[in-house]
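The structure under discussion appears below in the form of C-alpha cells.
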2 protein chains.
Amino acid sequence: MPVLESTSSRINDVDLDDPAIKRSAQLTKALGHPVRLTILKLLIQRDTCFCGDFTDVLPLAQSTVSQHLKVLKNTGLITFTSSGVRNCYCLNPEGIDALSECLKSLTDMFEKTDRPDCC
Amino acid sequence: MPVLESTSSRINDVDLDDPAIKRSAQLTKALGHPVRLTILKLLIQRDTCFCGDFTDVLPLAQSTVSQHLKVLKNTGLITFTSSGVRNCYCLNPEGIDALSECLKSLTDMFEKTDRPDCC
DNA sequence: ATATTCCATCGTATTTTAACGATTAATAAT
DNA sequence: ATTATTAATCGTTAAAATACGATGGAATAT
C-alpha cells in the first residue's frame, strides 16, 4: 500500500472538526431557515417571548414552532425560562454575542476584495 | 434589502415568503455546513479552483465534493467555468456581495443592544 | 486510435429536517 | 375539584440533505 494513502492524516488535509468552523457552521445553519430567522426577528423587534406569541403569528402548528425554538435553544441563541403556565424564550446574550462575532468574522472573510480573478 | 425592513402583508402577520427573509435563509443555509465553509475559505485563501483541488484536501469522495460545489453554485456564491478537462469554480462577486450585505444586515440586527430583558 | 484524466451526474442508502396531530404534564381559572 | 390553557414531547410521515460508488462524457495525452 502506498505510503501516501495510509490512514494517517496528510499534511495538507483540512480539519473539518476544527471547532471554529464547526461552530460557525452550526450558527449559520440555525439561521438557515425562514421560520427561525423570523422568530429571532420577532424576539428583537417586539416583546415576544412565549411560544404562543410565535404560533399566533406563524402559519405553523404549535409543535412545529416548538421544534424550531428547540433548535435555537440547542444552538445557544435563545434561553428558556418556565414562567408559570407559559414558557418564556429570550435571546441569549452569550449566544447572540457569539453569533455577532461569527457574522463579523465571516463578513471580514468575504470582504477581501483584493483577490485577482483566477479564471 | 435589510432583514429588519422586510414587509409583511398584515400588521400582525408574518410573511415567510418575504424575499429578503428567504434569501437570507438560503445564504446562511449554504454556509451552514463545515465542508462548504471550508471550500469557500479555500477559494478565498488560495488559488484553488478545480474540483480536484478540493478533493485532494477534503476527506470526502469526489462526488460528495461536487455536490457541495453545486449547492454553492445554485446559491450564487460561486461560478462554474469549464476550462478544458478541468472545471473551474471561482467566487461569484455578485453572490459574495449579496452575502456580505446579508451578513452585515444580520450583524446589525443582532447588535441592537438597547433591548430590555423581557424576563 | 486508444488510453487517461477530470469530474458532473446517476442511483442508492442513510441520516437529518420539517411538519403535523395527539398526548400529557403543569399551571391557572372557575 | 373540575375545567381550561399553555406548550413540551411523542409518534409518524414526507421531504431534503449527505454520503458513497459507478457510470459516462469531454478533453487531453500517448
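A quick note: this is a predicted structure, and the numbers were derived from the prediction, not measured. Labels below follow one simple rule: chain letters A, B, ... track the order of the sequence lines, proteins then strands, and each chain is numbered from 1.
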d([atom1], [X]; [atom2], [N]) in whole Å:
{"X": "A/Leu69", "N": "C/dT17", "atom1": "CG", "atom2": "P", "value": "16 Å"}
{"X": "A/Lys70", "N": "C/dT17", "atom1": "NZ", "atom2": "P", "value": "12 Å"}
{"X": "A/Leu58", "N": "C/dC20", "atom1": "CG", "atom2": "C1'", "value": "15 Å"}
{"X": "B/His68", "N": "D/dA16", "atom1": "NE2", "atom2": "P", "value": "18 Å"}
{"X": "B/Leu72", "N": "D/dA17", "atom1": "CG", "atom2": "P", "value": "13 Å"}
{"X": "A/Ile78", "N": "D/dA7", "atom1": "CD1", "atom2": "C1'", "value": "13 Å"}
{"X": "B/Arg36", "N": "D/dA19", "atom1": "CZ", "atom2": "C1'", "value": "13 Å"}
{"X": "B/Asp56", "N": "C/dT5", "atom1": "CG", "atom2": "C1'", "value": "13 Å"}

>> Is there a side-chain contact between B/Asn87 and the phosphate of C/dA8, meaning an N or O under 4.0 Å from OP1 or OP2?
In response: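 Answer yes for this pair, as a side-chain N or O of B/Asn87 is under 4.0 Å from OP1 or OP2.
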Exercise for review: Verify the contact: side-chain N or O of B/Tyr89 to OP1 or OP2 of C/dC6, cut-off strictly under 4.0 Å; return yes or no.
Suggested key: no
**Prompt:** What is the nucleic acid contact for A/Lys29, judged by heavy atoms within less than 4.0 Å: base, sugar-phosphate only, or nothing?
**Reply:** sugar-phosphate
Identify which nucleotide among [options] has an atom closest to any side-chain atom of [X], counting heavy atoms from C-beta outward.
{"X": "B/Gln67", "options": "C/dA19, D/dA7, D/dT18", "answer": "D/dT18"}
{"X": "A/Arg86", "options": "C/dC7, D/dA8, D/dA7", "answer": "D/dA7"}
{"X": "B/Leu60", "options": "D/dT9, C/dT9, D/dC20", "answer": "D/dC20"}
{"X": "B/Ser63", "options": "C/dT9, C/dA18, D/dA8", "answer": "C/dT9"}
{"X": "A/Ser66", "options": "C/dC7, C/dA18, D/dT9", "answer": "D/dT9"}
{"X": "B/His33", "options": "C/dG21, D/dA22, D/dA19", "answer": "D/dA19"}
{"X": "B/Gln62", "options": "C/dA19, C/dT9, D/dA8", "answer": "C/dT9"}

How about A/Cys49 and A/Cys88 - are their SG atoms less than 2.5 Å from one another? yes
Discussion item. If the threshold is 4.0 Å, N to carboxylate O, is there a salt bridge linking B/Glu111 and A/Lys104?
Written reply: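 A salt bridge links B/Glu111 with A/Lys104.
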Test side-chain contact (heavy atoms from CB on, under 4.5 Å) on A/Leu72 and A/Ile39 and set out the steps.
-> CA-CA 9 Å; A/Leu72 293 173; A/Ile39 289 174; 3.8 Å; yes
Side-chain donor-acceptor pair present, B/Ser82, B/Asn87, cut-off under 3.5 Å: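 Indeed, the side chains of B/Ser82 and B/Asn87 share at least one donor-acceptor pair under 3.5 Å.
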Run the numbers on B/Leu40 and B/Leu31 for side-chain contact (heavy atoms from CB on, under 4.5 Å), then give the verdict.
CA-CA 9 Å; B/Leu40 290 172; B/Leu31 298 187; 3.5 Å; yes
